[in-house]
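Working notes, structure below.
Worth knowing before you read on, the calculation uses all heavy atoms, side chains too, and leaves out hydrogens, waters and symmetry mates.
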Amino acid sequence: MLKISYRIALTGLLITPAMMTLSSCSQTPKVPAESVVIAEPIKPAYIEVAQRDALVIGQKIWMNESSAKIEGLTSWNQGEHFASLGIGHFIWYPETNHRPYTETFPDLLKFLKERNYTLPVWLQNITVNPWPNREAFLAAKDTPQMTELRQFMLDSIPDQVQFIIRRLEQALPVMLQTLSNEAERALIKTQFYRVAQTPQGVYALLDYVNFKGEGVALTERYQEQGWGLLQVLSAMTGNTASPLQEFADAADVILTRRVQNAPAERQESRWLLGWRNRLKTYLEPLTAKN
């Protein structure tokens, strides 16, 4: 049985690894009252995942995005205006003004530099995707640059997970800032922490925020309705003993609504089955690959 050690601080409380583990156990752990430690003030970084455990989560995210295939570390989906790189398919735009989704690959490179990675020489001073379109990107798939990029993405999997963790750390305050109603803010905080305290909850939150974003960008809307983490947390019923099941069910509702609202020419229904299969992984135990 794999146990993922991590640490997550809640408002006024510090939950420790002894109290919370990601494991193959399906029951939500109960927090003993004597284990609660008052932690004031809370540090900005409230989620910590060991590198060895980040690799396990990274493999899971990589499997979700591209069946854990090496070639999937450098991809450009048909109909998209950007490359999707790394285990999390981090977005990288070429020189364009059409940027409906949040770009994340340049920030990933900055993060990896902060963690003392040496970037490939050709990546060190570049700011935009050098391939202008999907055709040029695919034509370059066997070039030394692309081969080097895939290897760099392979070598940095645990820290790509740490990058997603940083995004999740920033997601909650960003989401709360968009809400003017205190009751709404309290609901989102409650649901966020209900999910985070389940065995696979941190993985589910990490994967979803990387997968579909925070849900706060106005450009990430169809018919004025978003599909990010904020919308999923808002759609949770919040009154059952299975918050992770609630989260997966709410995500299904939100993603189905996205497909229904999407412009017909995008044909987003082709992705819905894969998205639903991804949501099922939130309810499965995290296990290391042999």
Side-chain angles (χ1 to χ4, degrees), residues 1-9 15-29 45-75 84-90 104-105 108 111-112 114-117 150-171 192-212 229 232 242-245 247-248 251 274-290:
M1 179 175 69
L2 172 73
K3 292 187 177 182
I4 306 293
S5 301
Y6 68 95
R7 173 178 177 274
I8 178 166
I15 307 302
T16 65
M19 299 150 55
M20 299 171 57
T21 57
L22 297 179
S23 71
S24 59
C25 303
S26 59
Q27 295 183 342
T28 303
Y46 57 80
I47 300 174
E48 296 175 0
V49 175
Q51 287 290 84
R52 67 184 184 280
D53 302 328
L55 180 60
V56 176
I57 294 175
Q59 290 172 340
K60 195 84 168 177
I61 294 174
W62 185 14
M63 178 64 71
N64 290 342
E65 289 289 359
S66 54
S67 300
K69 295 179 179 178
I70 298 294
E71 58 268 28
L73 295 173
T74 54
S75 63
S84 299
L85 307 172
I87 61 166
H89 276 190
F90 305 107
T104 48
F105 186 69
L108 171 65
F111 180 82
L112 293 177
E114 290 173 3
R115 296 179 80 88
N116 298 319
Y117 280 82
R150 281 193 289 270
Q151 187 62 51
F152 183 64
M153 291 293 94
L154 184 63
D155 293 341
S156 59
I157 286 177
D159 285 293
Q160 290 176 57
V161 175
Q162 300 293 354
F163 173 74
I164 300 171
I165 289 173
R166 175 181 286 188
R167 183 175 184 183
L168 180 61
E169 289 174 350
Q170 297 168 346
F192 182 96
Y193 290 130
R194 287 181 69 231
V195 175
Q197 291 179 82
T198 64
Q200 288 82 243
V202 168
Y203 157 67
L205 291 170
L206 285 174
D207 184 73
Y208 197 88
V209 77
N210 179 70
F211 170 43
K212 290 302 177 195
L229 182 60
V232 173
S242 303
L244 198 56
Q245 184 69 62
F247 182 80
W275 291 350
R276 285 173 171 164
N277 287 336
R278 184 177 194 142
L279 299 180
K280 290 177 183 177
T281 71
Y282 297 170
L283 307 175
E284 299 169 355
L286 288 171
T287 55
K289 294 178 67 177
N290 294 328

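Two residues are said to be in side-chain contact when any heavy atoms from C-beta on lie closer than 4.5 Å; E284 and Q200 fail this criterion. Proximity of V161 to I165: side-chain heavy atoms (C-beta onward) are separated by under 4.5 Å at one or more points. Side-chain contact between L244 and V195 is present, with heavy atoms from C-beta onward closer than 4.5 Å. Between V56 and K60, every side-chain heavy-atom pair lies at or beyond the 4.5 Å cut-off. Within the 4.5 Å cutoff, side-chain heavy atoms of T281 are placed close to those of Y203. The closest side-chain heavy-atom distance from N210 to F163 is not below 4.5 Å. Counting heavy atoms from C-beta outward, D159 and Y117 have side chains that approach closer than 4.5 Å. When side chains are defined from C-beta on, F90 does not count as touching S84, because their heavy atoms never get closer than 4.5 Å.
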**Study point:** Steps toward side-chain contact (heavy atoms from CB on, under 4.5 Å) verdict (L229, L168)
**Key:** CA-CA 10 Å; L229 182 60; L168 180 61; 4.2 Å; yes
Exercise for review: Could you go through the side-chain contact (heavy atoms from CB on, under 4.5 Å) check for F211 and N64 one step at a time?
Suggested key: CA-CA 9 Å; F211 170 43; N64 290 342; over 6 Å; no
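Atom-to-atom distance recorded for I57:CD1 and I87:CD1 is 9.5 Å, nearest 0.5 angstrom. One finds the CG atom of L73 at 5.5 Å from the CD1 atom of I70 (value rounded to the nearest 0.5 Å). Taking CG of L85 as the reference point, atom CZ of R150 lies at 10.5 Å (rounded to 0.5 Å). I61 CD1 to E65 CD: the interatomic distance, rounded to the nearest 0.5 Å, is 8.0 Å. To the nearest 0.5 Å, atoms NE2 (H89) and OG1 (T74) are separated by 8.5 Å.
Side chain of Q160 to backbone of G58: no donor-acceptor contact under 3.5 angstrom is found. Judged purely by atom type and a 3.5 angstrom limit, W62 uses its side chain to pair as donor or acceptor with the backbone of K69. Looking only at distances, a side-chain donor or acceptor of Q197 sits under 3.5 Å from a matching main-chain atom of Y193.
Between R166 and E114 there is a salt bridge, with a side-chain nitrogen of the basic residue lying less than 4.0 Å from a carboxylate oxygen of the acidic one.
Between D207 and the choices R278, K212, K280, R167, the salt bridge (Lys or Arg N to Asp or Glu O under 4.0 Å) rule is met once, by R278.
Using cut-offs of 30° and 60° for the angle between ring planes, the F247 and Y282 rings count as tilted.
Between Q245 and L283, the closest heavy-atom pair is OE1-CD1, 3.3 Å. Pairing each heavy atom of V202 with each of A196, the nearest pair is CG2-O, 4.0 Å. Listed here is the closest heavy atom pair of A54 and Q162: CB-NE2, 3.9 Å.
The side chain to side chain donor-acceptor pair (under 3.5 Å) search around Q151 returns D155, not counting sequence neighbours.
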